[in-house]
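What follows is a short report on a single structure.
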Amino acid sequence: MTEKINFAVNNYEYRNQGIGGSDAGVVLGVNPYKTPLSLYLEKTGQIAPPDLSDNEAVKMGNILEPIVADLYSEKTGNKVQRKNQVKFHPEHQFMFGHIDRIIIPFTEKRIGLEIKTTASHMSKFFGEESTDDLPLHILSQAHHYISIFDLTCMDVAVLIGGQRLKIFHVERDREFEEIMIEKEKNFWINH
């Protein structure tokens, strides 16, 4: 019997209630697009987060997500189930996230799937398939979700330039997880 995950209702009010997956790399100082200071100012309501509603890359990523999930299934033979709902960490309530998919059956080997799309000129930042050689902000996001959802590992499917699918594999790393949680906790509680 497949275990059911307790997901919270998906809405945008949770974003200032903790640290999300895309925030993890910012807190760790490895996100090239945002600084810890700007994240702090957003979380405390001193500045508004960027409005990405008209960002074409974001729009295309949302449109292509189910297609990339299908391509991932075709390439790996893994069946996936959409789980685009918010969950808070059972122990560290300042951590939340929502994974794009889970691999089913979701039993003792609990595998999540994160889906990304990127431009072809960004391919130089993605290493060999089947490794965790990802940009650090994406790798941090994967570890953040692994911790929250108590996953064994996470696959990251990346569609590069709309033409090439690369699949990366991130194993749970308890030592890294402890460091990440401590840094996130320090950021959330002390700042």
Side-chain angles (χ1 to χ4, degrees), residues 7-72 82-89 92-102 112-126 134-149 154 156-166 168 170 180 183-191:
F7 288 97
V9 174
N10 188 10
N11 65 50
Y12 291 97
E13 294 176 13
Y14 61 85
R15 293 209 180 266
N16 286 339
Q17 296 178 17
I19 296 171
S22 58
D23 300 332
V26 179
V27 171
L28 295 176
V30 297
N31 188 316
Y33 307 108
K34 187 181 284 189
T35 66
L37 176 59
S38 62
L39 180 64
Y40 165 79
L41 294 172
E42 286 176 19
K43 295 290 183 182
T44 57
Q46 296 179 59
I47 63 171
D51 179 7
L52 301 176
S53 60
D54 285 335
N55 183 300
E56 285 194 33
V58 172
K59 283 182 183 179
M60 291 307 296
N62 289 331
I63 291 168
L64 291 171
E65 183 179 303
I67 296 167
V68 175
D70 289 344
L71 292 170
Y72 168 87
R82 186 166 188 244
K83 286 293 182 192
N84 196 18
Q85 295 170 306
V86 178
K87 181 179 186 339
F88 284 83
H89 193 288
H92 306 288
Q93 290 292 305
F94 57 87
M95 294 173 68
F96 68 89
H98 55 89
I99 55 178
D100 295 324
R101 306 284 191 282
I102 58 171
L113 175 63
E114 181 66 15
I115 297 170
K116 301 289 184 190
T117 58
T118 191
S120 57
H121 71 273
M122 299 299 284
S123 66
K124 64 186 173 193
F125 298 109
F126 294 86
L134 290 158
L136 293 177
H137 64 288
I138 295 173
L139 185 61
S140 301
Q141 183 179 21
H143 282 293
H144 182 89
Y145 293 153
I146 288 169
S147 179
I148 290 169
F149 289 89
M154 176 166 264
V156 180
V158 183
L159 183 63
I160 299 172
Q163 298 175 333
R164 182 168 181 218
L165 181 69
K166 289 183 85 172
F168 298 88
V170 181
M180 177 190 67
K183 288 185 178 287
E184 289 186 17
K185 182 177 182 180
N186 179 55
F187 180 89
W188 187 254
I189 293 174
N190 296 323
H191 301 295

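Along the sequence shown, residues are numbered consecutively beginning with 1.
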- Query: Got R164 and S123 here, is their nearest side-chain heavy-atom distance under 4.5 Å?
  - Reply: no
Looking only at heavy atoms, the pair that brings M95 and S147 closest together is CE-OG, 4.1 Å
Using a 4.5 Å cut-off on heavy atoms from C-beta on, say whether the side chain of F88 contacts that of I148. no
Note: R101 and P66 closest approach over all heavy atoms is NH2-CA, 3.5 Å
What one should report as the nearest heavy-atom pair of Y145 and S22 is OH-N, 4.4 Å
Whether H191 and F187 hold their rings parallel, tilted or perpendicular, with breakpoints at 30° and 60°
tilted
### Query
Do H92 and W188 come within less than 4.5 Å of each other through their side chains, counting heavy atoms only?
no
Exactly one of K34, K43, H144 clears side chain to side chain donor-acceptor pair (under 3.5 Å) with D23, and that residue is K43
Note to self: Between M60 and I63, does the side-chain contact (heavy atoms from CB on, under 4.5 Å) criterion hold? Intermediate values first, please.
What the structure shows: CA-CA 5 Å; M60 291 307 296; I63 291 168; 4.2 Å; yes
Output side-chain donor-acceptor pairs under 3.5 Å for residues 112-120, partner residues at least two apart or in another chain, one line each.
residue, atom, partner, partner atom, Å
E114, OE2, K116, NZ, 3.3
K116, NZ, Q141, OE1, 2.7

| said: Looking at E56, I want to see if its CD is surrounded by more than 12 non-hydrogen atoms of other residues, nucleotides or ligands under 6.0 Å. | reply: no
Verify, without hydrogens or angle tests, whether Q93 (side chain) and H89 (backbone) share a donor-acceptor contact under 3.5 angstrom. yes
Rounded to the nearest 0.5 Å, the CD atom of E65 sits from the CG atom of D70 at a distance of 11.0 Å
When every non-hydrogen atom of F149 is compared with those of H98, the smallest separation belongs to CZ-CA, 4.2 Å
So the ring pair (Phe, Tyr, Trp, His ring centres under 6.0 Å) pairs with at least one residue in residues 25-57 (sequence neighbours excluded) are Y33-H137
So, the side chain of S140 versus the backbone of L136: is there a donor-acceptor pair under 3.5 Å, distance only?
yes
Can you check whether K59 reaches N62 side chain to side chain, under 4.5 Å on heavy atoms?
no
CD1 of I160 to NE2 of H121, rounded to nearest 0.5 Å, is 11.5 Å
Determine whether H143 and V170 make a side-chain contact, defined as any pair of heavy atoms from C-beta on separated by less than 4.5 Å. yes
Rounded to the nearest 0.5 Å, the CG atom of L41 sits from the OG1 atom of T44 at a distance of 5.5 Å
**Request:** Check the pair I138 / F168 against side-chain contact (heavy atoms from CB on, under 4.5 Å), numbers first and verdict last.
**Result:** CA-CA 11 Å; I138 295 173; F168 298 88; over 6 Å; no
Taken in chain and number order and not counting sequence neighbours, the residues that satisfy side chain to side chain contact (heavy atoms under 4.5 Å, CB included) with T35 are L37, S38
message = As a quick check of understanding, evaluate side-chain contact (heavy atoms from CB on, under 4.5 Å) for M180 and L28, giving each step before the final call.
response = CA-CA 7 Å; M180 177 190 67; L28 295 176; 4.2 Å; yes
For A24 and E184, the nearest pair of non-hydrogen atoms, with its separation, is CB-OE2, 3.4 Å
On a heavy-atom basis, the closest approach of D51 and S53 is OD1-OG, 2.7 Å
